[in-house]
Amino acid sequence: MSAEVRVRFAPSPTGQPHIGNIRTALFNWLFARHHGGKFIVRIEDTDQTRFVDGAIEAILDGLKWLNMDWDEGPEVGGPHAPYEQSNRLELYQRLSEQLLDQGNAYYCYCSREELERLRRSNRESGSYSAGCQCRRSGRAGAVGEPVTDDDRVIRFAMPESGITRVHDLIRGDVEWRNELQEDFVILKSDGFPTYHLAVVTDDHLMEISHVMRAEEWLPSTPRHLQLYQAFGFEPPEFAHLPMITGTDRAKLSKRHGATAIGEYEDQGFLPEALLNFMVLLGWSLDGSTEVVSLQQIIDNFTLDRITKSAAIFDQEKLLWMNGIYIRDLSAEGLANRMQEYIPRTLNAEERHYLRGIAPLVQERLKRLDESDDITAYFFGELAPDYDPAILVQKGMDAPGTLAALQAATDALNTTTPDGDFGHEKLESMLGEVGANLSLSRRQFFGLLRTAATGRTVSPPLFETMEVMGRDRVLARLQEASRKLQPTV
RNA sequence: GCCCCGGUCGUCUAGCCAGGUCAGGAUGCCACCCUUUCAAGGUGGAGAUCAGGGGAUCGAAGCCCCUCCGGGGUACCA
C-alpha cells in the first residue's frame, strides 16, 4: 500500500446535501484523520442539466458546520487544482482519445430510440449482447477529427469475456462477468465526461489511495476497474459504505422529510451531537459506548468496525443525543448558542440575563430552536398574557388564590428589602407562608409559578424567581391579582 | 427480467472472520423512585425462537447449501 492515505469526498452540486452525503464525507474525513492522511473535496459537476445554483456553497457550509476541514479542494486549492470537474474537460477528452486510439473505446451514433429498442430486446431474450452496432460497424472517427460532436458519444468497449473482481475493504471479494456489462458512455456529446470516466481520471491524477463511497456505487465498480486497466493506472482500494435510508428503508430522498443538513442546523441540533450520532450509523466503538468524543472517534476509526447493512436514520435517538450534548455545555456556551436561535437582538444586559437563565433551562432543552419559547417569559416586566383561570389550583377557588397571592406579596415586601433574594431564602420564607395558609406545596407553589411565569410549567420556581429578580416577581404577582380580581 | 449487496429486540448496534455464558449495550415504550410543575437522574420491565429451511459438528447467530424478503444498479444522472 502506498504510504500516504488520500481520500476524497466528491459530491455533485445537484441540490441540498443530505445526511447520506454528509455521512459519506464524515467517514472519509475520519479515515484521513485517523491515518494522518489527506482529505480532498472535489466537485463532480459533469451534468450541466442538473446543476443547482448555490449547491456547492451549501455542501461546503455543511462540512464547515460540522468542522470537517479539507486539505485540498474548493477555496483552499492544492497541487491538483482545479477541483471542479467542469474545469478539467480537456483532461477527460484527451484520455478519451487515448482510449479511442488504443481500441478500448469507440464512437457511438445510436439515437435514444435505437438504444431503447436494443435494451428491450436484450431483456426479452434474456441474453445480453454487449454494445450497439457501432462497436463493429467500422464507423470509427477519422484520425484528427474532433472528439466531440453533437450527435455522437464515446463508449468504452467492455471485454466480451472474463471476470472483473474487486476486493472491497468492507464487503470482501465481489465479482462480475464482463459479458454482462454494457458498453457505457465515457464522453457525452456535449464534450463532458460521464461520472465513470471523470471519477477514474481524477482519482488517479489526484493520487487517491482509498475510494470510500456509498454502496449504490458498487455496481459501477467493474466499469471503473476496467478503465483503470485500459489506462494502465493502478486502481485504488475500494470500500463501499452502507447506505442511510428513510424509515421505509428506501434510499434517502426529498419525500423523507428533513434530510438536508442545513435543516438540522435550523432545528437547533448541535454539530457535535449530529456528528456523534451519524458516525454511529454504520460504525461502532465497542458496541456499548454511544457518546464518543471526536478524538476518541478519530483514534479508533477503522474500516473493520464498519457495518455492512444499511441503517435507518432515527430522529428520536438523535434528539436524545442532542440533549446529552446540550447538557454538557457550560452556561456561557449554552447562552451563546441559544442566542443564535432567539430572533431579536439582545443588548448587553439581556445577554447577561440570558447567561443566568441558561442553566435553568439546560436540562429541559432538546433542541436549540426551543430557546426563544423556553425563555420568553423571563423577559419583559410582566409575563406574557395568560388565562387567569390557570392561576387557580386544584382544590382552590378564586378568592383563596387571591388571598394567597396577597400573602406572598406581603411576605416578599416585608422580609426581603433589597438583600437576599436567593432561592433558598425564598423557599424557606414562602414555604412558611404557604403552610400558614394551610395550602399544599403543590397548590401554593403552583399558583406562584403561574403568577411569576404565566405558565404552568417552568424550571424550579425559586431559582426562576431568583434569576428574574425581586422587582419583576413582585410586578407579576400584582398583575396576577389584578387579572383575578374581576372573577371574584 | 438481469446483475450485485444486505438480513441480530420497533430503531441504532455488540457478538460472526479465529463455533461452547440466560444473545450484551443504547434509544424508544411502560412502571416505580426522586419531586413544587416540566425535565434530568435512578431502578425495574416488556421487546430478537439471531429472515426461514436443511446439512457437517457432542455443540451454530457464527461454518456449508437452498429458499424467502429488503435494498441498490441496470441513463449521453451522479
Side-chain angles (χ1 to χ4, degrees), chain A residues 10-14 44-47 49-50 108 110 112 115-116 119 122-128 151-155 168 170-172 174-177 180-182 184-196 198-199 213-222 240 242-243 245 247-251 277 280-291 304-305 307-321 323-324 327 360-366 374 393 427 430-431 434 440-450 453 455-462:
Chain A
S12 294
T14 56
E44 310 231 319
D45 53 350
T46 56
D47 186 353
T49 66
R50 293 212 307 158
C108 173
C110 290
R112 299 200 179 250
L115 289 169
E116 201 184 321
R119 291 192 180 105
N122 283 345
R123 179 172 298 194
E124 280 163 7
S125 66
S127 72
Y128 183 81
D151 46 41
R152 71 180 183 193
V153 299
I154 297 178
R155 278 180 193 279
D168 189 275
I170 292 174
R171 274 148 232 285
V174 182
E175 48 185 52
W176 296 265
R177 287 165 58 191
L180 262 23
Q181 297 289 322
E182 191 170 353
F184 57 98
V185 174
I186 55 175
L187 202 73
K188 307 180 214 175
S189 53
D190 64 1
F192 276 66
T194 57
Y195 170 80
H196 308 107
V199 79
R213 68 225 314 187
E215 192 193 346
E216 60 195 289
W217 293 109
L218 187 54
S220 61
T221 306
H240 287 90
M243 301 206 304
T245 73
T247 40
D248 57 356
R249 296 226 173 258
K251 202 171 161 178
F277 180 72
L280 257 21
L281 255 32
W283 177 87
S284 64
L285 179 64
D286 55 19
S288 61
T289 312
E290 306 262 338
V291 181
D304 60 316
R305 293 211 59 85
T307 320
K308 292 182 178 67
S309 54
I312 292 177
F313 191 89
D314 180 12
Q315 299 269 357
E316 288 296 325
K317 192 161 181 177
L318 203 213
L319 215 48
W320 161 77
M321 185 160 282
I324 300 256
R327 273 170 252 137
L360 294 183
V361 299
Q362 189 155 28
E363 62 189 34
R364 293 165 177 77
L365 269 181
K366 279 238 196 285
I374 208 168
Q393 304 297 300
E427 178 160 13
L430 290 171
S440 69
R441 288 161 75 81
R442 177 181 290 264
Q443 289 173 318
F444 190 50
F445 295 166
L447 73 89
L448 289 181
R449 177 193 317 287
T450 308
T453 66
R455 298 194 182 189
T456 54
V457 170
S458 81
L461 179 59
F462 304 110

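A quick note: this is a predicted structure, and the numbers were derived from the prediction, not measured.
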Under 4.0 angstrom, heavy atoms only, what part of the nucleic acid is [X] near: base, sugar-phosphate, or nothing?
{"X": "A/Glu44", "value": "sugar-phosphate"}
{"X": "A/Thr46", "value": "sugar-phosphate"}
{"X": "A/Arg305", "value": "sugar-phosphate"}
{"X": "A/Met321", "value": "nothing"}
{"X": "A/Arg455", "value": "nothing"}
{"X": "A/Asp286", "value": "sugar-phosphate"}
{"X": "A/Gln362", "value": "nothing"}
{"X": "A/Gly282", "value": "sugar-phosphate"}

Which whole-number value in Å describes the distance from [X] [atom1] to [N] [atom2]?
{"X": "A/Leu218", "N": "B/G73", "atom1": "CG", "atom2": "P", "result": "12 Å"}
{"X": "A/His196", "N": "B/C76", "atom1": "NE2", "atom2": "P", "result": "10 Å"}
{"X": "A/Arg213", "N": "B/C4", "atom1": "CZ", "atom2": "P", "result": "18 Å"}
{"X": "A/Trp217", "N": "B/A75", "atom1": "CH2", "atom2": "C1'", "result": "12 Å"}
{"X": "A/His240", "N": "B/G73", "atom1": "NE2", "atom2": "P", "result": "12 Å"}
{"X": "A/Phe313", "N": "B/U27", "atom1": "CZ", "atom2": "C1'", "result": "13 Å"}
{"X": "A/Gln315", "N": "B/C12", "atom1": "CD", "atom2": "C1'", "result": "13 Å"}
{"X": "A/Lys308", "N": "B/A51", "atom1": "NZ", "atom2": "C1'", "result": "17 Å"}

Just to confirm, is there a sub-4.0 Å distance from OP1 or OP2 of [N] to any side-chain nitrogen or oxygen of [X]?
{"X": "A/Lys188", "N": "B/C77", "answer": "yes"}
{"X": "A/Thr289", "N": "B/A26", "answer": "no"}
{"X": "A/Arg50", "N": "B/A78", "answer": "no"}
{"X": "A/Trp320", "N": "B/U27", "answer": "yes"}
{"X": "A/Ser284", "N": "B/A14", "answer": "yes"}

For [N], give the paired nucleotide (Watson-Crick: N1-N3 plus N6-O4 or O6-N4; G-U: N1-O2 and O6-N3; both under 3.5 Å), or none.
{"N": "B/G62", "value": "none"}
{"N": "B/C9", "value": "none"}
{"N": "B/G19", "value": "none"}
{"N": "B/U49", "value": "none"}
{"N": "B/U36", "value": "none"}
{"N": "B/C2", "value": "B/G73"}
{"N": "B/A31", "value": "B/U43"}

Which nucleotide in the set [options] lies at the smallest distance from any side-chain heavy atom of [X]?
{"X": "A/Arg249", "options": "B/A75, B/C77, B/G71", "answer": "B/G71"}
{"X": "A/Lys251", "options": "B/C5, B/A14, B/G72", "answer": "B/G72"}
{"X": "A/Val185", "options": "B/C76, B/A14, B/G73", "answer": "B/C76"}
{"X": "A/Trp176", "options": "B/C4, B/A75, B/G73", "answer": "B/C4"}

Under 3.5 Å between N/O atoms: give me all the protein pairs with nucleotides 36-40 of chain B, atom names plus distance.
unit_1	atom_1	unit_2	atom_2	d
B/U36	OP1	A/Arg441	NE	2.9
B/U36	OP1	A/Arg441	NH2	3.1
B/U36	O2	A/Arg449	NH2	2.3
B/U37	OP1	A/Arg442	NH2	3.3
B/U37	N1	A/Arg449	NH2	3.3
B/U37	O2	A/Ser458	N	2.9
B/U37	O2	A/Ser458	O	2.9
B/U37	N3	A/Arg449	NH1	3.3
B/U37	N3	A/Ser458	O	2.6
B/U37	O4	A/Pro460	N	3.1
B/C38	O2	A/Arg364	NE	2.5
B/C38	N3	A/Arg364	NE	3.3
B/C38	N3	A/Arg364	NH2	2.9
B/A39	O2'	A/Glu363	O	2.3
B/A39	N1	A/Glu363	OE2	3.0
B/A39	N3	A/Glu363	OE2	2.7
B/A40	OP1	A/Lys366	NZ	3.1
B/A40	O3'	A/Arg327	NH1	3.2

(request) Report the residues that fulfil salt bridge (Lys or Arg N to Asp or Glu O under 4.0 Å) with A/Glu363, sequence neighbours left out, ordered by chain and then residue number. (result) none
(message) Say we look at B/C22 and B/A60: how far apart would their P atoms be, to the nearest angstrom?
(response)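 Pairwise P distance, B/C22 against B/A60, rounds to 14 Å.
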